[in-house]
2 protein chains.
Amino acid sequence: METTWEHRLRNAGLRVTRPRLSVLDVLAGHPHVDADTIATAARAVHPSISPQAVYGVLKALVGGGLARRIEPAGGPALYELRVGDNHHHLVCRECGAVADVDCAVGAAPCLTPSAAAGFVVDEAEVVFWGLCADCQVARRQHGYGTATAIGEGVGA
Amino acid sequence: METTWEHRLRNAGLRVTRPRLSVLDVLAGHPHVDADTIATAARAVHPSISPQAVYGVLKALVGGGLARRIEPAGGPALYELRVGDNHHHLVCRECGAVADVDCAVGAAPCLTPSAAAGFVVDEAEVVFWGLCADCQVARRQHGYGTATAIGEGVGA
DNA sequence: TCCTTCTCTTGACCTAGTCAAGACAACGGT
DNA sequence: ACCGTTGTCTTGACTAGGTCAAGAGAAGGA
């Protein structure tokens, strides 16, 4: 199962180029990054890469099914290499940290909308908003109350 | 239960102004609108209202719990007056149309992430992506295949 | 090696939205 | 009814994040 990035690019009908390999390299090392961070990190390997090239590469990777784009409200789009499985995300309201989370029950009943209003649904996107471990600690240290007092459970 | 906008604004600790009433009026007539559409529509009632005033008013309304802001990926933020209940949204990939949908099972099991990775979760946001009835018809007419062939069911 | 085609670079442009300063209006007190 | 305080609106500059188009350059098949 030794599938290299080169193979995967070719399988997706994409040419193998230095910018693309650099971007894939960065994505492999960082689970959820925005385009700007990718550009900065990729420049360490391939100094001449332009921000627009990164956008182009990312669009190609997403189009080819090698990467996935997520767009949390109130922040830049993030990219990840974990594709094909049905996983969702935990997003920290404070620092924007993102963690993957598997759906507890797969194609769950609540993910089939009760009244579809004539829509044909093909994807259910779930984002859990909250506070990451680090920001909980930071809040407690600043006397903003305990982290457990922040919400009254999960609103669905 | 005759609660006027004026009452609601005061209850939220907000002053009652013409721009705010205009915006509330527009929101009452359109379930999901972006700031620009609100500005255009509000100008019919209050011609001198500025785009920035609309942003300010919307921020105040959201802060006061009179409106809710939703930010579907790839589009401007939308605002709605339906607040306080736990409802989600169906978004059309083609035309951006939005429909409300109640969660089928309330605080459902799948909305409690299996592994929270140290996060304290206070909200679960669900967006169903698909094709609205109108766009299904439009696709069929243009020979892009049947609408029912677009997705293989709901991915969770 | 050559040629075609795709991809990258460069640079202009765009949307959606924020921030700051001052004019103005709302509303509590007299 | 008026006045003063304070919150809100107008005006205008500015920002982030991202798209679009044209041409230079590299990838890969013949």
Side-chain angles (χ1 to χ4, degrees), chain A residues 4-26 32-43 45-64 66-67 69-79 96 98, chain B residues 4-26 32-43 45-64 66-67 69-79 96 98:
Chain A
T4 60
W5 291 130
E6 193 174 330
H7 281 126
R8 297 205 188 184
L9 284 168
R10 280 193 222 285
N11 286 345
L14 297 168
R15 288 188 180 171
V16 179
T17 67
R18 192 115 175 266
R20 285 176 182 177
L21 292 173
S22 308
V23 168
L24 283 167
D25 226 43
V26 174
H32 307 96
V33 255
D34 59 283
D36 190 58
T37 306
I38 293 171
T40 305
R43 225 168 274 125
V45 182
H46 179 170
S48 77
I49 197 170
S50 66
Q52 287 75 358
V54 172
Y55 282 115
V57 167
L58 290 170
K59 188 174 265 188
L61 294 180
V62 171
L66 292 190
R69 175 187 175 123
I70 58 176
E71 302 181 48
L78 304 176
Y79 296 85
V98 176
Chain B
T4 60
W5 292 130
E6 192 173 333
H7 280 127
R8 299 204 187 184
L9 284 168
R10 279 193 223 284
N11 286 346
L14 297 168
R15 288 189 181 169
V16 179
T17 67
R18 191 116 174 266
R20 287 177 179 175
L21 293 173
S22 307
V23 168
L24 284 167
D25 227 42
V26 174
H32 308 94
V33 255
D34 59 284
D36 189 59
T37 305
I38 293 171
T40 305
R43 225 168 275 126
V45 182
H46 181 169
S48 77
I49 198 170
S50 68
Q52 287 76 356
V54 173
Y55 283 113
V57 167
L58 289 170
K59 189 175 265 188
L61 294 179
V62 171
L66 293 190
R69 174 188 175 124
I70 58 175
E71 303 182 46
L78 303 177
Y79 296 86
V98 176

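Owing to the predicted nature of the structure, the values given are computational and were not obtained by experimental measurement. To find a chain, count down the sequence lines: A is the first, B the second, and so on, and within it residues start at 1.
Rounded to an integer number of Å, the gap from CD of E6(B) to P of dA26(C) is 11 Å. Spacing between atom CD1 of I38(A) and atom C1' of dC8(C) amounts to 17 Å, rounded to whole angstrom units. Regarding N11(B), its CG atom lies at a distance of 13 Å from the P atom of dC27(C), rounded to whole Å.
By the side-chain hydrogen bond (donor to acceptor under 3.5 Å, both in side chains) test, S50(A) is found to be paired with no residue, residues two or more places apart in sequence or in another chain being considered. Applying the side-chain contact (heavy atoms from CB on, under 4.5 Å) test to T17(B) and every residue at least two apart in sequence or in another chain returns R15(B), P19(B), R20(B). Residues passing the side-chain hydrogen bond (donor to acceptor under 3.5 Å, both in side chains) test with R69(B), sequence neighbours excluded: E71(B), Y79(B). In this structure T37(A) satisfies the side-chain hydrogen bond (donor to acceptor under 3.5 Å, both in side chains) test together with D34(A), sequence neighbours excluded.
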- Message: Counting primed atoms plus P, OP1 and OP2 as sugar-phosphate and everything else as base, spell out the protein contacts along nucleotides 4-17 of chain D at 4.0 Å heavy-atom distance: B, S or - for each nucleotide, 5' to 3'.
- Response: --BBSSBBBB---S

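To the nearest 0.5 Å, the span separating CG on L66(B) from CG on L58(B) amounts to 11.0 Å.
Contact between the side-chain N/O atoms of R10(A) and the OP1/OP2 oxygens of dA27(D) is not found at any separation under 4.0 Å.
End-to-end axis angle for the helix from dT1(C)-dA30(D) to dT30(C)-dA1(D), using five pairs per end and rounding to 10°, comes out at 30°.
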- Criterion side chain to side chain contact (heavy atoms under 4.5 Å, CB included) on T4(B) and L9(B), from CA distance to verdict: CA-CA 9 Å; T4(B) 60; L9(B) 284 168; over 6 Å; no

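L78(B) and P72(B) make their closest contact through CD1-CG, 4.0 Å (heavy atoms, listed as atom of the first residue, atom of the second, distance). Contact record, V26(A) with A42(A): CG2-N, 3.7 Å, taken as the closest heavy-atom pair.
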